[in-house]
Amino acid sequence: MSLRLYNTLSGRKEEFVPLVPGKVGMYVCGVTVYDYCHIGHARANIVFDVIYRYLAYCGYAVTYVRNYTDVDDKIINRANERGIDSQALAEEFIRAFDEDMAILGLKKPTFEPRATEYIAQIIAINERLIDRGLAYASAGDVYYSVDQFPGYLKLSKRTMEEMQAGARIAPGEQKRNPMDFALWKAAKSGEPSWASPWGPGRPGWHIECSAMSSALLGETFDIHGGGRDLIFPHHENEIAQSEGASGKPFVKYWLHNGFVNVNQEKMSKSLGNFFTIRDILKKYDPEVVRFFILTAHYRSPIDFSDQHLEDARLGLSRFYEALNGADEVLSRFPVPKQVPCPTLKGDEREVFDRIEMLDERFAEAMNDDFNTALAIGHLFDAVRGVNRIVAENRFEECPLALAVLNDARRKLVTLGEVLGLFASEPAAWLERQKGAGLSSMGIVAAEIESLIAQRLQARKGRDFARADAIRNDLASRGIELLDDKEGTSWKVK
RNA sequence: GGCCCCGUCGCCAAGUGGUAAGGCAGAGGUCUGCAAAACCUCCAUCACCAGUUCAAAUCUGGUCGGGGCCUCCA
């Protein structure tokens with residue numbers, strides 16, 4: 001059973017064969033740091049975080065590079081608006097990005113280079129492209145001559161005619177072809193600049209990724225990822241630059257994640273309908289956001305809405321409730337060395353087998369182009385298995401059930417970690433949810449506890465009308481009471 | 001205008017040739033003083049039409065509906 005992934009370049013799923021056995025070089029386009037990240041960035045970064053984790057789980061030594069583009073028109077414009085230095089602005093949003101990603105539970109990539117640290121390499125690629133006749137200097141700018149690169153548009157699968165037919169590009173005065181793009185821009189006053197053979201200037205948009213990826217991963221590497229919207233022009237231009245300069249294939253597998261929509265409409269900066277990660281985290285647990293994103297396949301569009309996040313919260317709670325239930329049992333019963341079960345029932349066997357098979361089924365799903373939605377479906381099966389074993393409560397006569405329960409718990413946590421999920425202590429996570437729910441409902445725990453005590457008295461006196469009145473009152477305020485042998489607990493509905 | 005994607009149960013969502021995963025919601029049952037939670041059982045033939053095939057949600061053509069790219073954007 002091998003990993004297959006959808007390669008945008010070929011337009012189909014392919015078996016993953018790394019260039020060097022056992023190793024993977026992966027580059028993912030990070031952010032241009034001029035503003036806070038939105039939920040679309042969250043999706044892209046979470047998706048590739050999971051891909052990174054899964055490749056490592058499969059035993060690959062992964063070198064993961066995710067860049068910061070810290071020099072760009074937008075950064076300069078925004079800095080000028082605020083009257084501050086563009087490098088200071090970039091620093092501010094690099095920090096914000098790091099904070100957001102940390103809260104969302106992202107693992108740190110192997111390298112997080114910044115464009116401005118690679119100016120020398122950028123200039124070297126420019127020179128190389130000019131030498132090879134693929135680029136030309138013009139009035140302090142350098143442009144890529146797309147006519148000279150035969151493979152241009154092979155990633156986005158379009159033709160020059162198609163592009164130009166609908167293009168709203170005004171031919172720049174210095175460009176030979178309106179499709180040509182800037183590799184280097186001559187400095188204007190008030191802009192950051194570096195010395196170059198063409199005079200002071202700064203890099204164009206796409207060149208920084210070609211420079212950083214080749215410096216850290218080599219001229220050819222395995223996986224390059226990013227959002228769909230980067231296919232054209234960004235990744236197309238990266239190919240032209242990198243392959244033009246090296247004469248070698250640039251990337252073996254191109255992976256692109258789908259968009260986040262808001263109310264069925266694409267969320268984008270230009271439409272202004274975007275939510276920042278910070279806004280969302282005021283309302284939702286970061287793990288709920290991650291769970292929501294991973295319940296759909298990474299290439300499908302997902303629709304962001306309160307309802308869908310609420311659904312995700314319920315789904316994730318189900319996992320933590322089950323883990324918590326397992327913990328309670330396991331804290332009461334030691335897992336025995338010998339695990340006989342003299343009276344194993346047929347359907348019990350089935351439950352145990354499904355848990356036994358969990359790793360394989362998970363891997364099978366993930367091996368099919370990182371199908372996290374299917375993988376989570378399998379994990380839900382294990383949840384039902386755990387709940388069932390706990391409900392059966394046959395640990396005295398069937399120690400095997402305890403061993404399987406322990407096994408299931410361990411597997412859920414291990415596989416969950418591949419997805420970046422279930423890292424919290426279940427009891428603590430559930431407590432946090434209760435706390436967060438309460439603060440938005442204007443009720444305090446002490447009041448609930450007091451009402452529970454009153455209800456207990458009523459029940460003792462068999463005054464069930466009174467007891468039920470209290471329960472209904474709480475229910476109408478969003479608090480659910482749960483009676484069991486140990487007493488009464490509560491949770492936020 | 002050119003190119004491309006999508007349309008699966010009330011909602012979300014897997015499934016790309018062999019007879020529809022999973023979650024939420026719903027119905028019935030077990031448990032319970034009654035509930036809740038949990039467990040058990042039930043709950044879709046895949047927008048529409050016409051083809052290809054022994055066999056199609058999955059392939060082809062068409063229709064309708066939704067969305068994207070061609071411009072900064074994850």
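What you see is a predicted model, and the numbers here were worked out from it, not measured in a lab. Proteins get letters first, then strands, A, B, ... in listed order; numbering begins at 1 in each.
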Using a 4.0 Å cut-off on protein heavy atoms (strictly under), produce a 5'-to-3' string for nucleotides 37-45 of chain B with B for base contact, S for backbone-only sugar-phosphate contact, and - for none. SSSS-----

Could you tell me whether Glu392(A) and Arg388(A) make a salt bridge, using a distance below 4.0 angstrom between a side-chain N and a carboxylate O? yes

Donor-acceptor check, side chain of Arg290(A) to backbone of Leu104(A), threshold 3.5 angstrom: yes or no? yes

Separation of atom CZ in Arg228(A) from atom C1' in rG67(B), rounded to whole Å: 11 Å

Pick the P atom in rU71(B) and in rG65(B), then give their distance to the nearest Å. 27 Å

How far, in whole Å, is rC39(B) from rG15(B) if one measures between their C1' atoms? 28 Å

In this structure, how many angstroms lie between the C1' atom of rA21(B) and the CD atom of Glu364(A), rounded? 12 Å

From CA spacing to verdict: disulfide (SG to SG under 2.5 Å), Cys341(A), Cys398(A): CA-CA 5 Å; Cys341(A) 190; Cys398(A) 179; 2.2 Å; yes

Ring geometry between Tyr152(A) and Phe232(A) (parallel below 30°, tilted from 30 to 60°, perpendicular above 60°): perpendicular

Applying the 3.5 Å cut-off to both distances, the Watson-Crick or G-U partner of rC3(B) turns out to be rG68(B)

Is Phe370(A) close to Asn257(A) at the side-chain level, that is, under 4.5 Å between some pair of heavy atoms? no

If the C1' atom of rA44(B) is compared with that of rU8(B), how far apart are they to the nearest Å? 8 Å

Could you tell me whether Asp381(A) contacts a base, only the sugar-phosphate backbone, or nothing, with contacts defined as non-hydrogen atoms closer than 4.0 Å? sugar-phosphate

On a whole-Å scale, what distance lies between the C1' atoms belonging to rG29(B) and rU45(B)? 28 Å

In whole angstrom, give me the gap between the P atoms of rC59(B) and rC4(B). 16 Å

Should rC24(B) form a Watson-Crick or G-U wobble pair with both distances under 3.5 Å, which nucleotide is its partner? rG10(B)

Round to the nearest Å and state the distance from Asp463(A) atom CG to rA35(B) atom P. 18 Å

With no hydrogens and no angle check, do the side chains of Asp306(A) and Tyr284(A) hold a donor and an acceptor under 3.5 Å apart? yes

Quantified in whole Å, what is the P atom distance between nucleotide rC9(B) and nucleotide rC49(B)? 16 Å

Whole angstrom is fine here: how far is it from CG in Leu314(A) over to P in rA36(B)? 16 Å

Base, sugar-phosphate or nothing for Arg313(A)? Non-hydrogen atoms, less than 4.0 Å. nothing

May I ask whether Phe464(A) stacks on the base of rG33(B), given the cut-offs of 5.5 Å between ring centres and 30° between planes? yes

Any strand: nucleotide that pairs with rC54(B) via Watson-Crick or wobble, under 3.5 Å: rG18(B)

Has Thr159(A) got a side-chain N or O lying under 4.0 Å from the OP1 or OP2 atom of rG2(B)? no

For Asp303(A) and rG7(B), what is the distance between atoms CG and P respectively, to the nearest whole Å? 15 Å

Roughly how far apart, to the nearest Å, are rG10(B) and rC69(B) at atom C1'? 33 Å

Whole angstroms only, please: what is the CG-P distance between Leu104(A) and rA74(B)? 16 Å

Classify the ring geometry of Tyr27(A) against Phe221(A): parallel below 30°, tilted from 30° to 60°, perpendicular beyond 60°. tilted

Select base, sugar-phosphate, or nothing to describe what Val260(A) touches, counting heavy atoms under 4.0 Å on all strands. base

With RNA chain B as reference, determine whether Ala465(A) or His308(A) sits nearer its 5' end, using the nearest nucleotide of each. His308(A)

Leu374(A) atom CG is separated from rA21(B) atom P, nearest whole Å, by 12 Å

Give me the ring orientation class for His234(A) and His206(A): parallel if the planes are under 30° apart, tilted from 30 to 60°, perpendicular past 60°. tilted

Arg455(A) has a side chain; which of rC34(B), rC70(B), rU16(B) sits nearest to it? rC34(B)

Is the backbone of Asn371(A) close enough, under 3.5 Å, to the side chain of Asp368(A) for a donor and an acceptor to pair up by distance? no

Asp473(A) CG to rC34(B) P, straight-line distance once rounded to whole Å: 22 Å

Pair partner, rA44(B) [Watson-Crick or wobble, under 3.5 Å]: none

Assign Gly258(A) to base, sugar-phosphate, or nothing according to its heavy-atom contacts below 4.0 angstrom with the strands shown. base

Test log, rule ring pair (Phe, Tyr, Trp, His ring centres under 6.0 Å), inputs Phe93(A) and Tyr36(A): CA-CA 7 Å; Phe93(A) 288 109; Tyr36(A) 292 113; 5.1 Å; yes

If we call it a pair only when both distances are under 3.5 Å in a Watson-Crick or G-U wobble match, what pairs with rC39(B)? rG29(B)

For Ala373(A), report the nucleic acid contact type (base, sugar-phosphate, nothing); a contact means any heavy atom under 4.0 Å. base

Using atom C1' of each nucleotide, how far apart are rA37(B) and rC31(B) to the nearest Å? 11 Å

Of Lys157(A) and Gln307(A), whose closest RNA chain B nucleotide lies nearer the 5' terminus? Lys157(A)

Establish, with yes or no, whether the OP1 or OP2 oxygen of rA74(B) is under 4.0 angstrom from a side-chain nitrogen or oxygen of Asn45(A). no

Quick one: label Phe259(A) by what it contacts on the DNA or RNA (base, sugar-phosphate, nothing), any heavy atom closer than 4.0 Å. base

At 4.0 Å (heavy atoms only), tell me whether Ser300(A) reaches a base, stays on the sugar-phosphate, or touches nothing. sugar-phosphate

